[in-house]
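First up is the structure itself, then whatever we jot down about it.
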Number of protein chains: 2
Amino acid sequence: MMKIGSAVEALAALAQETRLSIFRLLVQAGQQGIAAGVLGEKLGIPPATLSFHLKTLAHAGLVKSRTEGRFVIYSADFSAMDKLIAYLTEHCCAGDASRCAPVKKC
Amino acid sequence: MMKIGSAVEALAALAQETRLSIFRLLVQAGQQGIAAGVLGEKLGIPPATLSFHLKTLAHAGLVKSRTEGRFVIYSADFSAMDKLIAYLTEHCCAGDASRCAPVKKC
DNA sequence: TCTACGTTTCCAATATTATAGAAATGTTAA
DNA sequence: TTAACATTTCTATAATATTGGAAACGTAGA
């Protein structure tokens, strides 16, 4: 079971326009991921700022990185995303099962 | 379709331990909701602080309130929660359908 | 080895957010 | 109407986050 501290950290990481944009690009890219430089170019943010935000997302457990040559490839951690969503909706709608339809993830 | 600004606002509202606790209590309470005073008592936070956080959650669209006598009853806005989750997971796992199993909401 | 390039760290200025006491507001019951 | 109670607004202080330039680091190809 997720601890509240981890959930707050993950939510805080996502609660910032630049980081949310990064994360959504990575979610859409899937396991393949996107290189840091490509992200910076797509979003038009300077290297230092990008690095800061990626570090924040990685520390929150929402993204992983791997090195390929001199590129660092980032990708979303889908299991972390699922756990966060589960934490938010845990035991929801008690006594009102009609509101509890499954939500398709994508 | 959700705008990024609304998503950031909702995530920021949830990215705070006190507010996340409030929201989860309200999610579990369902449509019935919980009075402001009861929330304050359950969580041990002073009235001014509670009011500040409830206002933040309400402004982000995550909670609704209704007045009953001299009590103000708060409840989670489940449709806002669903939209936020959909925004996060939108177009996820492109080209890797195996990771896209439906997630049950509760 | 040397050079080029992608990425990260360091740092300082600026902006935003959390907290809670005290006072104000609004509602109910007597 | 008056007194009691629930909740919100006002206000100031303290803590935390964002930004990007400059410099450092590490990898790859010549």
Side-chain angles (χ1 to χ4, degrees), chain A residues 4-26 29 32-77, chain B residues 4-26 29 32-77:
Chain A
I4 191 166
S6 325
V8 166
E9 192 179 2
L11 289 164
L14 294 172
Q16 206 280 337
E17 193 163 325
T18 301
R19 285 195 298 268
L20 183 53
S21 301
I22 293 171
F23 183 74
R24 275 167 38 94
L25 282 178
L26 293 177
Q32 178 187 342
I34 306 180
V38 176
L39 282 172
E41 199 176 310
K42 282 199 184 199
L43 296 171
I45 46 185
T49 303
L50 175 66
S51 187
F52 169 80
H53 288 306
L54 283 171
K55 195 170 150 191
T56 303
L57 285 166
H59 192 261
L62 289 165
V63 307
K64 309 173 284 192
S65 65
R66 63 182 193 273
T67 301
E68 282 184 11
R70 55 188 175 186
F71 299 90
V72 179
I73 313 282
Y74 284 84
S75 57
D77 185 324
Chain B
I4 191 167
S6 324
V8 166
E9 191 178 2
L11 289 163
L14 293 172
Q16 207 279 339
E17 193 163 325
T18 302
R19 284 196 297 268
L20 184 53
S21 302
I22 292 171
F23 184 73
R24 277 168 36 95
L25 282 178
L26 293 178
Q32 177 187 344
I34 306 180
V38 175
L39 281 171
E41 199 176 309
K42 283 201 182 195
L43 297 171
I45 46 185
T49 302
L50 175 67
S51 187
F52 168 80
H53 289 304
L54 283 171
K55 195 170 148 191
T56 303
L57 285 166
H59 192 260
L62 290 164
V63 308
K64 308 174 284 192
S65 65
R66 64 182 192 273
T67 301
E68 283 185 11
R70 56 187 174 187
F71 299 90
V72 178
I73 314 283
Y74 284 85
S75 57
D77 185 323

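Between the CD1 atom of B:I34 and the P atom of D:dA6 there is a distance of 17 Å, rounded to whole Å. Taking atom CG of A:L39 as the reference point, atom P of C:dT8 lies 10 Å away to the nearest angstrom. One atom, NE2 of A:H59, and another, C1' of D:dA17, lie 15 Å apart when rounded to the nearest Å. As rounded to whole Å, 16 Å separates atom C1' of C:dA15 from atom CD of A:E17. As rounded to whole Å, 12 Å separates atom C1' of D:dA6 from atom CD of B:E41. The distance from atom CD1 of A:I22 to atom C1' of D:dT19 is 13 Å, rounded to the nearest whole Å. Put simply, CZ on A:F71 is 17 Å from P on C:dA4, counting in whole angstrom units. Rounded to whole angstrom, the span from the CZ atom of A:F52 across to the C1' atom of C:dA15 amounts to 13 Å.
Checking B:I22, B:T56, B:L57 one by one against B:V63, the side chain to side chain contact (heavy atoms under 4.5 Å, CB included) holds for a single residue, B:L57.
B:Q16 has a side-chain polar atom (N or O) that falls below the 4.0 Å cut-off from OP1 or OP2 of C:dT19. Remark: A:Y74 is not in phosphate contact with C:dG6, judged by side-chain N or O atoms under 4.0 Å from OP1 or OP2. Of the side-chain N and O atoms in A:R19, none sit less than 4.0 angstrom from OP1 or OP2 of D:dA17. When the side-chain nitrogen and oxygen atoms of B:H53 are compared with OP1 and OP2 of C:dT17, none of them lie within a distance under 4.0 Å.
Taking all atoms of both residues into account, the shortest heavy-atom contact from A:I73 to A:Q32 is CG2-O, 3.6 Å. Nearest heavy atom pair, residue B:A60 against residue B:A10, reads CB-CA, 4.0 Å.
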Fill in: Test side-chain contact (heavy atoms from CB on, under 4.5 Å) applied to A:L39 and A:L26, step by step
CA-CA 9 Å; A:L39 282 172; A:L26 293 177; 4.3 Å; yes
Discussion item. B:F23 vs B:H53, test: side-chain contact (heavy atoms from CB on, under 4.5 Å). Steps then yes/no.
Written reply: CA-CA 10 Å; B:F23 184 73; B:H53 289 304; over 6 Å; no
Discussion item. As a quick check of understanding, evaluate side-chain contact (heavy atoms from CB on, under 4.5 Å) for B:L54 and B:V72, giving each step before the final call.
Written reply: CA-CA 11 Å; B:L54 283 171; B:V72 178; over 6 Å; no
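Listed by chain and residue number, A:H59 satisfy the side chain to side chain donor-acceptor pair (under 3.5 Å) test with A:E9 (two or more places apart in sequence, or in another chain).
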Item to complete: Give the B/S/- string for nucleotides 21-30 of chain D, one per nucleotide from 5' to 3', where a protein heavy atom under 4.0 Å of the base yields B, of only the sugar-phosphate yields S, and otherwise -.
Response: BB----BS--
